[in-house]
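Inspection log for the structure reproduced underneath, given as structure tokens.
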Amino acid sequence: MTVGRKEVVIQKNDAGQRLDKFLTKAYPNLPRSMLYKSIRKKDIKLNGKRCEISTRLQENDVLTMFLKDEFFQTQEKAYDFLKAPTKLQILYEDDNILLADKQPGLLVHPDETYHFDSLIARIQHYLYEKGEYDPSQENAFAPSLVNRIDRNTGGIVIAAKNASALRILNQKMKDRELDKRYLCLVHGILEKKEGTLTGYLEKNEKQNRVYITQHRGEEGKTIKTRYRVLEERDHCSLVEVELLTGRTHQIRAHFAHIGHPLLGDGKYGTNALNKKTKLPYQALYSYQLTFRFTTDGGILNYLNGKTFTAKHIWFLDEFRKIGQ
């Protein structure tokens, strides 16, 4: 293989990344050891000058690389996301974000057994058809999800349409400046109509489930679940939930732990109770999102204070028929 010269102009969606992170994503055939060696030997230059692996790229920066042609090769591929449908329930969309109302049964990301249809694939296909996303024009960015929910849970999922929005929203999520509320149906009538449940959660990866205890073990993580009962029927309650900690299966496991499992929950509920409900999925919905920025939101400041609410929660009609 001969040594080639390649010049890359950094686009808006690649700005802000570390040099090594960008090169690793853009050129997967380039071994990390060779990447670092090439930077040290000045075979990779930024704006004609020596650079460091930790250098943050800026829009319109020019990368010049003198490397073997094999490292520049990218495999021609049909984009997997084009195999997914474009069917989406869009709650809100602008130039920076898309709020999808995900229906139960749909994965948010592909997994090892189900590759082609997922929420992110549908969103990328949808944006591709609109002309807002062309992977051939991107070095390392693709529209991405900011939050995720279980396959059999429905509700609002946030997608970032550009790298700037993704960085801001990921930080806002980390800093808990996105207020997400859930609705669920639980078996039984809760003695306290509102309160905060506390405990410790341990995850069992092999079983893909979690366990709640009141005494902290070696692997236990603190959980706090705030709830408010909105309505009650003969044998179940409609509850609004706010997660003060965001752990795997937290709502489902926490209510099961206190003796009020979610209706339709085959993992944490009981078959005897679930047979009576005939619900196809656990009755849980991420139904409301409010942007509550306490720090600068940059290009997303216009979202601050806005609340978005899902228009249809599939289990509410069945709940309100109870006792009629």
Side-chain angles (χ1 to χ4, degrees), residues 91 99 101-102 104 108 146-150 152-158 169-203 209-217 219-233 235-265 267-269 281-295 303-310 313-316 319-320:
L91 193 60
L99 302 183
D101 187 352
K102 186 192 86 69
V108 290
V146 177
N147 64 313
R148 63 181 66 193
I149 51 181
D150 295 339
N152 290 333
T153 298
I156 302 173
V157 179
I158 311 165
L169 288 171
N170 279 340
Q171 189 63 47
K172 297 301 183 190
M173 179 72 71
K174 181 180 178 181
D175 294 340
R176 306 197 65 80
E177 296 180 39
L178 304 178
D179 184 335
K180 302 187 298 299
R181 302 295 172 102
Y182 298 79
L183 288 179
C184 62
L185 298 181
V186 303
H187 286 281
I189 304 300
L190 282 78
E191 182 179 352
K192 292 184 178 180
K193 304 310 175 188
E194 59 182 291
T196 300
L197 307 176
T198 60
Y200 300 97
L201 179 148
E202 293 190 13
K203 189 172 184 179
R209 66 172 294 154
V210 302
Y211 294 89
I212 310 296
T213 65
Q214 294 307 122
H215 303 284
R216 187 169 198 162
E219 304 295 325
K221 295 183 178 179
T222 302
I223 56 170
K224 294 182 180 180
T225 308
R226 182 180 292 160
Y227 73 91
R228 180 167 62 101
V229 176
L230 301 181
E231 296 181 42
E232 296 172 341
R233 291 293 187 267
H235 58 271
C236 63
S237 304
L238 174 65
V239 182
E240 182 188 62
V241 179
E242 177 186 4
L243 288 178
L244 302 182
T245 55
R247 310 291 187 196
T248 301
H249 299 174
Q250 180 175 325
I251 295 173
R252 298 165 62 191
H254 216 166
F255 279 99
H257 175 69
I258 65 167
H260 296 281
L262 271 61
L263 273 67
D265 191 343
K267 187 182 290 284
Y268 297 100
Y281 308 106
Q282 62 257 14
L284 177 63
Y285 216 89
S286 179
Y287 86 108
Q288 193 172 83
L289 168 70
T290 301
F291 294 89
R292 298 194 191 282
F293 297 164
T294 56
T295 57
L303 291 170
N304 193 24
K306 289 190 176 181
T307 296
F308 300 91
T309 305
I313 291 84
W314 64 271
F315 52 78
L316 285 185
F319 169 73
R320 288 179 175 138

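Nearest heavy-atom pair, Ala253 versus Tyr268, reported as atom, atom and distance to 0.1 Å: CB-CE2, 3.9 Å. Heavy-atom minimum distance, Arg176 versus Leu243: NH2-O, 2.5 Å. Between Leu91 and Ala310 the shortest heavy-atom distance is CD2-N, 4.1 Å. The two residues Gly269 and Pro261 come nearest to each other via the heavy atoms CA-CB, 3.7 Å. Closest heavy-atom contact between Leu289 and Ile156: N-CD1, 4.0 Å.
Side-chain atoms of Glu177 and Thr295 include a donor-acceptor pair closer than 3.5 Å. When only modelled atom types and interatomic distance are considered, Thr153 and Gln282 share a side-chain donor-acceptor pair under 3.5 Å.
Residues Tyr287 and Glu240 meet the side-chain proximity criterion, which asks for heavy atoms closer than 4.5 Å. When side chains are defined from C-beta on, Asp150 counts as touching Arg252, because their heavy atoms get closer than 4.5 Å. By the 4.5 Å heavy-atom criterion applied to side chains, Ile223 and Lys221 are not counted as neighbours. The shortest side-chain heavy-atom distance between Leu190 and Tyr227 falls under the 4.5 Å cut-off. Side-chain contact between Leu284 and Ile149 is absent, with no heavy atoms from C-beta onward closer than 4.5 Å. Counting heavy atoms from C-beta on, the side chains of Lys172 and Arg292 never come closer than 4.5 Å.
For the pair Tyr285 (side chain) and Pro104 (backbone), a donor-acceptor distance under 3.5 Å is absent. No donor-acceptor pair closer than 3.5 Å links the side chain of Thr225 to the backbone N or O of Ile251. Ser237 places a side-chain N or O within 3.5 Å of a backbone atom of Gly188 that can act as its donor or acceptor partner. No donor-acceptor distance shorter than 3.5 angstrom exists from the side chain of His187 to the backbone of Cys236, with no hydrogens or angles considered. Side-chain atoms of Arg247 do not come within 3.5 Å of backbone N or O of Tyr200 as any donor-acceptor pair.
Taken to the nearest 0.5 Å, the CG atom of Leu178 stands 8.0 Å off from the CG atom of Asn147. Note that CZ of Phe315 and CG of Leu185 are 5.0 Å apart. Values are rounded to the nearest 0.5 Å. Taking CD of Gln250 as the start and CZ of Phe255 as the end, the distance is 10.0 Å to the nearest 0.5 Å. Atoms CD and CG, on Glu194 and Leu230 in that order, are 10.0 Å from each other to the nearest 0.5 Å. A distance of 15.0 Å separates NZ of Lys180 from CZ of Phe308, quoted to the nearest 0.5 Å. Distance check, rounded to the nearest 0.5 Å: CG of Asn304 to OG1 of Thr290 gives 10.5 Å.
Crowding of Gln214 atom CD: a count of heavy atoms from other residues, nucleotides or ligands under 6.0 Å exceeding 12. Counting heavy atoms of neighbouring residues, nucleotides and ligands inside a 6.0 Å radius, atom CD of Glu231 exceeds 12 of them. Around NZ of Lys267, the count of heavy atoms belonging to other residues, nucleotides or ligands within 6.0 Å exceeds 12.
Aromatic ring pairs are classed by plane angle as parallel below 30°, tilted from 30° to 60° and perpendicular above 60°; the pair His254 and His257 is tilted.
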Take Arg233 and Leu238 through the side chain to side chain contact (heavy atoms under 4.5 Å, CB included) test and state the conclusion after the steps.
-> CA-CA 8 Å; Arg233 291 293 187 267; Leu238 174 65; over 6 Å; no
Checking side chain to side chain contact (heavy atoms under 4.5 Å, CB included) for the pair His249/Leu201: CA distance, chi angles, key distance, verdict?
-> CA-CA 10 Å; His249 299 174; Leu201 179 148; 6.0 Å; no
